[in-house]
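First, the structure itself, so that you have it in front of you.
Every number for a ligand or one of its atoms is a count from 1 in the order of the listing. Computed from a predicted model, the values in this text were never measured in an experiment.
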Amino acid sequence: MDAHSSVFGNYSTINSPKTQCYALKPVAFSSSKHVLLRTHLSFPSNIAITEKRLRIRASVEEVHSEIVGPNVLEDSVKAKVRRKNLAVFVSGGGSNFKSLHEATVNGFIHGDISVLITNKPDCGGAEFARDKGIPVILFPKVKDGSVLSSKDLVNAIRSYKVDFIVLAGYLKLIPTELIQAFPRSILNIHPSLLPAFGGKGYYGMKVHKAVIASGARYSGPTIHYVDEEYDRGRILAQRIVPVLPNDTAEELAARVLHQEHKLYKEVVAALCEERIIWREDGVPLIQCKENLSVYK
Ligand code: GRF
């Protein structure tokens with residue numbers, strides 16, 4: 001175990017055959033171990049952080065705790081945790097939706113996509129859903145002029161016994177009725193490190209152009225809970241992607257999207273396995289699959 005210190009605080013790295021872990025030294029002790037997580041990470045420059053999974057431990061003592069083998073845990077999760085029903089919202093090509101769908105089919109996600117909601121009936125995501133036999137709901141407007149109210153939408157989604165709602169490139173604001181009907185159950189993915197480059201007007205290539213123009217050296221996807229404001233709900237997960245000196249917006253977008261697919265799958269898997277806990281100040285944390293007392 002190597003110990004490092006930096007202006008941000010102290011941490012240790014633990015090398016195991018599969019992973020590298022970061023153990024935070026708490027800056028202050030408290031009766032609640034969740035409070036101990038209020039400190040910052042810095043990364044040694046020689047670590048390829050974009051490809052590593054960080055394992056934030058609640059206390060130094062837990063560093064030595066035994067790691068449960070993934071296979072044992074997966075079997076026990078499937079035995080104990082009910083398979084979840086997901087609703088996905090898309091407006092575009094739906095590459096995140098397709099990647100999530102594949103993860104439900106191959107067993108990585110302990111859940112099924114029960115319904116797709118879109119405002120664009122001919123978008124790639126909607127076509128893919130129809131092809132896979134997933135029901136498609138048009139919201140907010142149906143082509144023939146009839147309008148699905150927010151209440152109708154809530155009822156329609158409930159009729160599929162949906163546990164969680166996943167937004168994957170849906171460009172319309174989610175109605176308040178839906179947010180209230182599914183508290184702490186709606187996730188969105190945004191292609192920048194929120195709270196930077198988020199909010200109204202920051203979507204698609206505009207996000208990546210703004211990141212490049214700002215001179216930021218890092219970008220990457222953020223997955224957050226959805227509330228009534230664009231891109232302002234609690235952050236659940238992020239992944240860092242470098243911004244290269246000669247990047248075009250398209251090149252940066254492709255690099256970020258690649259990480260979006262990986263991150264969304266991991267986060268939705270955690271959601272379906274009930275591995276999300278809420279810190280006392282309202283910040284959601286993901287419990288590591290290998291050891292539930294480790295958070296990321
Ligand atoms: C992604 O970049 C996502 O971050 C944003 O919308 C885009 C959707 O892309 N919310 P795709 O339709 O999943 O390819």
Within the 4.0 Å heavy-atom sphere of ligand 1, strictly under, residues: Gly93, Gly94, Ser95, Asn96, Gly169, Ile189, His190, Pro191, Glu260
Determine the minimum heavy-atom distance between Ser219 and Val256, stating which atoms define it. OG-CG2, 4.4 Å
Is the backbone N or O of Pro183 less than 3.5 Å from a side-chain atom of Ser185, with the two atoms forming a donor-acceptor pair by type? yes
Pair Ser91, Asn119: side-chain N/O donor-acceptor within cut-off below 3.5 Å: yes
Listed pairs under 3.5 Å, donor-acceptor, residues 127-138 side chains, sequence neighbours left out:
residue : atom : partner : partner atom : Å
Arg130  : NH1  : Pro121  : O            : 3.3
Arg130  : NH2  : Pro121  : O            : 2.7

Under a 4.5 Å cut-off applied to non-hydrogen side-chain atoms, are Glu228 and Gln180 in contact? yes
When you compare the side chains of Asp112 and Ser114, does any donor N or O come within less than 3.5 Å of an acceptor on the partner? no
